[in-house]
Participant: 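The structure's right below; bear with me while I get my questions together.
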Number of protein chains: 2
Amino acid sequence: MQKPPTIRDVAAAADVSIAVVSRVLNDGTGPVAPATRERVLKTIEELAYRPRTAARELKSGPTSSLGLVLADVTNPFFARLADSVVQEARARGSQVILMTTQEDPALEQDALETLAARRVGGVIATPTSTNADAWLRLEALGTRLVFVDRHLLGVPHADVVSIDNERSAREATEHLLGLGHRRIGFISGPLSTSTGRSRTDAHVAALTAHGIPVDRQLLRNIPFRGDQGSDAVGSLLELESPPTALIVANTAQVAAAVRRLRQGSVRIPQDLSLIVFDDNPWTELFTPALTIIRQPTALLAAHSVERALLRLSDDAETRSTVIDAEFVVRSSTAQPPAR
Amino acid sequence: MQKPPTIRDVAAAADVSIAVVSRVLNDGTGPVAPATRERVLKTIEELAYRPRTAARELKSGPTSSLGLVLADVTNPFFARLADSVVQEARARGSQVILMTTQEDPALEQDALETLAARRVGGVIATPTSTNADAWLRLEALGTRLVFVDRHLLGVPHADVVSIDNERSAREATEHLLGLGHRRIGFISGPLSTSTGRSRTDAHVAALTAHGIPVDRQLLRNIPFRGDQGSDAVGSLLELESPPTALIVANTAQVAAAVRRLRQGSVRIPQDLSLIVFDDNPWTELFTPALTIIRQPTALLAAHSVERALLRLSDDAETRSTVIDAEFVVRSSTAQPPAR
DNA sequence: TTGTACGCGTTATCAG
DNA sequence: CTGATAACGCGTACAA
């Protein structure tokens, strides 16, 4: 209950100067007689002394802690990412301050402000919108910036770590084309986001490459938050000529989309083939087991943390790291229904 | 790129003393002439000055930041909890430092050490084991302790926020008894955890109250991590007289258990009725839709944060908050198969 | 309003 | 070499 001991308390109790205690704490700073070191260590133990991080940070400027700014921890993909980032950071001796954005620019702005005030060493983020000034301010503070999963244009010095979205979208599309599908629904994130854009573009490109005309009606770029996944599916099903296959490339909307299909009593894959971008044990337990794009969260996290923890001197080069996602074919894709 | 401005830079630029700047920053500390305040504000803006949290904390002792120590962010239940805690904390102007434990006492120990060094104002945790000394040290530092979901004996001053585990386990059990089940498998967490204990006890008590003999073979208390959920289900199915119903009260093992049932091609609910403790959109999408216990994560989070943010003076009373979970009957429970 | 001591750990400088 | 002293970093709050 009483006020915690300070370094001076320890020094007094061990009958040495604070400098000695400090040296014992971060050994290497200077020589300390073994006997003295012993005594100090014992005293520290007895008093249960713990140096205050705040005081240390005050002196040493930018810390080794990381800010992790995620759009939605509730999304299993981000949850796994968070888990991996925390582990990875811990392994390197850093802590993670987690902030949620809810895809809301204001909240994001806010989060960045806080992180800036904390002078964290690096920030790993799934950026929501072009909060350009906030990002640049952070950068000006010497904070390392790493965008993971998505990225933003106009923030020149940020690293990017993501899966190969183009390739994954192409793979999914070509898989369906190979099965004979010609009308493929495609639900993705907003075109204002890098993932929404690249996945959609790659899908369109794949169709074009195979000589399939692109029907814009089949492309749905919807927000990550909210329940538009349901509506998107609903309206796709109601088209005069509905799709025979569906790719849900909006991770956050997978569950909503699947639910809607269930309600519409669409048979999968007899009536409709389904591929989802998700990383979630339940996709395998669903009937039928879903064909998925599995994002390697551990790898994404490892690279993100590594880049975020680089001291500026080490490697000033901005780098973009692209990791392959895994295309897992299960039972939700089949040939389109016969006419 | 150059060093960030300090309060003194601002003072110099605005041609006032640092005291004035400080007052403008946290208005209320003292009067400032409107004109001066304007000028200072403008200067702050121009220099993009942001007070360093470290310096503030140094002066003001325990912070308003919260530590959130979770066993497993990958578990959807904890992920939702994290999300809610972060939101709730933000609404109250605090940040959350997230740490993962992986159910490993060493990691937990470590996390607590870090939090202690940071002098966070409060810690919300799902405790793993009796790291008694670590918890007590934190307490001695004046940190508010809130255990959520699970709790620990032997940490007297910690608040507890959890669902009514006894009631939920009883409800699930009685639901099955009401359908005519007499042999019910029960998979729960280790008896060394509060949730494992209370759920199992309540289940047993419910059986006893209804005059059903308790077969210890049907009770499986398994760890949260690892894949023992699968084995537990497997061995239950192989009993001479296998259960006609199963309750999975170990949130972390739900997916593994369900997967094993799938592999065993057990028909649900014809062969086996199933109730799981989970809070996850996919339980509804599973075939058949699963009967579940839904934990009100938002409420748990709200109460936890509230308690964790209480200043010691406000309410020194240790309190235990119990929230009702929701029992949602869907299609995975039915009468037992006829003999 | 302003000057300044304070909080606490780090580190450079200095004396033994 | 070992240990001590003092200045520093930055915002806060009280006295002048």
Side-chain angles (χ1 to χ4, degrees), chain A residues 2-41 43-44 47-65 114 116-120 141-142, chain B residues 2-41 43-44 47-65 113-114 116-121 141-142:
Chain A
Q2 46 273 40
K3 58 269 7 149
T6 74
I7 196 173
R8 303 184 210 266
D9 295 327
V10 176
D15 200 36
V16 293
S17 75
I18 59 173
V20 176
V21 179
S22 180
R23 283 194 213 150
V24 171
L25 250 29
N26 355 328
D27 51 17
T29 318
V32 180
T36 313
R37 143 172 277 111
E38 242 2 275
R39 187 152 38 92
V40 172
L41 247 20
T43 311
I44 289 178
L47 299 186
Y49 165 71
R50 297 287 175 262
R52 288 182 56 166
T53 306
R56 287 185 153 162
E57 286 185 354
L58 184 53
K59 181 100 235 185
S60 35
T63 354
S64 73
S65 17
T114 300
R118 284 225 174 246
R119 303 288 196 276
V120 292
L141 250 36
Chain B
Q2 47 272 39
K3 57 265 14 145
T6 74
I7 196 174
R8 296 174 219 272
D9 294 327
V10 176
D15 200 36
V16 292
S17 75
I18 59 172
V20 176
V21 180
S22 179
R23 279 197 222 145
V24 172
L25 251 29
N26 354 329
D27 50 18
T29 318
V32 180
T36 313
R37 141 171 278 111
E38 242 2 275
R39 186 152 38 90
V40 172
L41 247 20
T43 311
I44 289 178
L47 299 185
Y49 164 71
R50 296 287 175 266
R52 288 181 57 166
T53 306
R56 286 186 153 162
E57 286 185 352
L58 184 53
K59 183 97 226 169
S60 34
T63 355
S64 72
S65 15
E113 212 60 68
T114 301
R118 284 225 174 247
R119 304 287 197 275
V120 293
L141 251 36

Participant: Base, sugar-phosphate, or nothing for B:Val32, non-hydrogen atoms under 4.0 angstrom?
Facilitator: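 Since only primed, P, OP1 and OP2 atoms lie under 4.0 Å of B:Val32, the category is sugar-phosphate.
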Participant: Can you work out whether A:Pro31 or B:Ser60 has the more 5'-proximal nearest nucleotide on DNA chain D?
Facilitator: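 It is A:Pro31 whose nearest nucleotide is closer to the 5' end.
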Participant: Starting at CD of A:Glu38 and ending at P of D:dG3, how long is that distance when rounded to a whole Å?
Facilitator: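 Result: 13 Å.
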Participant: Is there a donor-acceptor pair closer than 3.5 Å between any side-chain N or O of B:Thr53 and the backbone N or O of A:Ala117?
Facilitator: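 Confirmed, B:Thr53 side chain pairs with A:Ala117 backbone.
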Participant: Return the value, rounded to whole Å, for the distance between atom CG of B:Leu25 and atom P of D:dT12.
Facilitator: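 That distance rounds to 6 Å.
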Participant: Is it true that the side chains of B:Arg118 and A:Ser65 contain a donor and an acceptor less than 3.5 Å apart?
Facilitator: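 Yes.
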Participant: Closer than 3.5 angstrom, by distance alone: can the side chain of A:Thr63 be matched with the main-chain N or O of A:Arg119 as a donor-acceptor pair?
Facilitator: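 Yes, the answer is positive, given that a donor and an acceptor are paired below the 3.5 Å cut-off.
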Participant: State which of C:dT1, C:dT2, D:dA4 makes the closest approach to the side chain of B:Val16.
Facilitator: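 Nearest to the side-chain atoms of B:Val16, counting from C-beta on, is C:dT2.
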Participant: Between B:Ser22 and B:Ile18 (side chain of the first, backbone of the second, donor and acceptor by atom type, cut-off under 3.5 Å), is there such a pair?
Facilitator: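 The answer is no, because no donor-acceptor pair under 3.5 Å joins these two groups.
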Participant: With a cut-off of less than 4.0 Å, is there a side-chain N or O of B:Asn26 near OP1 or OP2 of D:dG11?
Facilitator: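 Result: no.
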Participant: Has B:Arg52 got a side-chain atom pairing as donor or acceptor with A:Glu57's backbone, closer than 3.5 angstrom?
Facilitator: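 It does hold such a pair.
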Participant: Could you tell me whether the phosphate oxygens of D:dC10, OP1 or OP2, come under 4.0 Å of any side-chain nitrogen or oxygen in B:Arg56?
Facilitator: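 Answer is no, no contact under 4.0 Å.
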Participant: Categorize B:Ala33 for me: base, sugar-phosphate, or nothing, with a 4.0 angstrom heavy-atom threshold over every strand shown.
Facilitator: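 Sugar-phosphate: the residue B:Ala33, judged by heavy atoms under 4.0 Å, touches backbone atoms but no base.
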Participant: Between B:Thr43 and B:Val10, what is the shortest heavy-atom contact and its length?
Facilitator: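 Taking every non-hydrogen atom into account, CG2-O, 3.9 Å.
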Participant: Without decimals, in angstroms, what is the distance between B:Arg37 CZ and C:dT2 C1'?
Facilitator: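 After rounding, the gap between these two atoms is 17 Å.
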Participant: When every nucleotide of nucleotides 3-8 of chain C is labelled 5' to 3' by its protein contacts under 4.0 Å (heavy atoms), B for base, S for sugar-phosphate only, - for none, what sequence of letters results?
Facilitator: BB-BBB
